Amino acid sequence: GSSANTIKNNISNGNFSAGENSSGIVISGGSTNNLIVSNTANKNYFNGVWIQSSSYNTVARNTLSDQIYDVTGSGIKLDGDYHNVVAHNVIDSNPGYQIYVTGASHSDTIQKNIIRPSTGNPDSGIYLNSSNTNPFFLTTRNWWGSTDSVAVNRYIFKGSSDDVIQ
């Protein structure tokens, strides 16, 4: 994996390459301490940003919207990661979840984002489904278009009863 890189001011629009790498920006293979900042990823086949098996990365001040794939097209996918920070992004109208956390992910911080679910999947804010035995996620201070706590709680789906959120 790579370390201490900055991915900044890029536009990924309509990435339809073969295979599962049809995401706007991909960080994988044990990459650490990378900064993904001020990018735009729209209408890519799978995800706007996909971080896989990597840790201590920051995804900030990006616009991630309208990914294409109808089931799992997410603004940000965290898969088997830990201690990543997702903050100050606009994540809007992706057909799957806006932020999709899976695999053995744990200890990730997701805060201060503007999260707007798609009209076709209106409760699709954050999907948390960690296979880690001790998962913890900080999901505070995101803007959902509402301050109603009942409505906001609908936007966070916990796939495992072990997932702890704050």
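All values derive from a computational prediction rather than experimental measurement.
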Which heavy atom in [X] sits nearest to a heavy atom in [Y], and how many Å separate them?
X    : Y    : result
T6   : V37  : CG2-CG1, 4.1 Å
F136 : L138 : CE2-N, 4.2 Å
N84  : S54  : ND2-O, 3.1 Å
A104 : S130 : C-OG, 3.8 Å
N42  : S65  : OD1-OG, 2.6 Å
D108 : S105 : OD2-CB, 3.8 Å

I need the [X] [atom1] to [Y] [atom2] distance, nearest 0.5 Å.
X    : Y    : atom1 : atom2 : answer
Y100 : W50  : OH    : CH2   : 11.5 Å
I99  : F137 : CD1   : CZ    : 11.5 Å
Q52  : L78  : CD    : CG    : 11.0 Å
Q67  : S12  : CD    : OG    : 7.5 Å
N134 : S107 : CG    : OG    : 8.0 Å
N44  : N13  : CG    : CG    : 7.0 Å

Look at the side-chain heavy atoms of Ile, Leu, Val, Met, Phe, Trp and Tyr, link any pair under 4.5 Å apart, and say whether W143 and V90 land in one connected group. yes

According to a hydrophobic-cluster definition based on side-chain heavy atoms being under 4.5 Å apart (Ile, Leu, Val, Met, Phe, Trp, Tyr only), do V152 and I115 belong together? yes

Is it the case that the side chain of [X] and the backbone of [Y] share a donor-acceptor pair, with hydrogens and angles ignored and the cut-off at 3.5 Å?
X    : Y    : answer
S131 : G103 : yes
N94  : D66  : yes
S22  : F46  : no

Would you say [X] and [Y] make side-chain contact, with heavy atoms under 4.5 Å?
X    : Y    : answer
S2   : S31  : yes
I110 : N142 : yes
V49  : N89  : no
T102 : K77  : yes
I156 : W144 : yes

Residues passing the side chain to side chain donor-acceptor pair (under 3.5 Å) test with D79, sequence neighbours excluded, are none

Could you go through residues 120-127 and list every donor-acceptor pair under 3.5 Å that involves a side-chain atom there, pairing it with any protein atom two or more places apart or in another chain?
{"unit_1": "D123", "atom_1": "OD1", "unit_2": "R154", "atom_2": "NE", "d": "3.4"}
{"unit_1": "S124", "atom_1": "OG", "unit_2": "G96", "atom_2": "O", "d": "3.3"}
{"unit_1": "S124", "atom_1": "OG", "unit_2": "Q98", "atom_2": "NE2", "d": "3.4"}
{"unit_1": "S124", "atom_1": "OG", "unit_2": "N121", "atom_2": "O", "d": "2.6"}
{"unit_1": "Y127", "atom_1": "OH", "unit_2": "N129", "atom_2": "ND2", "d": "3.1"}

Which of these passes side-chain contact (heavy atoms from CB on, under 4.5 Å) with I27: V59, T32, N57, N5? N57

Who else is in the cluster with V85 when I, L, V, M, F, W and Y are joined by side-chain contacts under 4.5 Å? none

Considering residues at least two apart in sequence or located in another chain, which fulfil the side chain to side chain contact (heavy atoms under 4.5 Å, CB included) criterion with N39? I7, N10, I25, I36, N62

Applying ring-ring contact (aromatic ring centres under 6.0 Å, His included) as the test, list every pair that has at least one member in residues 102-123; sequence neighbours left out. Y82-H106

Under the salt bridge (charged side-chain N to carboxylate O under 4.0 Å, His left out) definition, can you give me all pairs with a residue in residues 133-150, not counting sequence neighbours? none

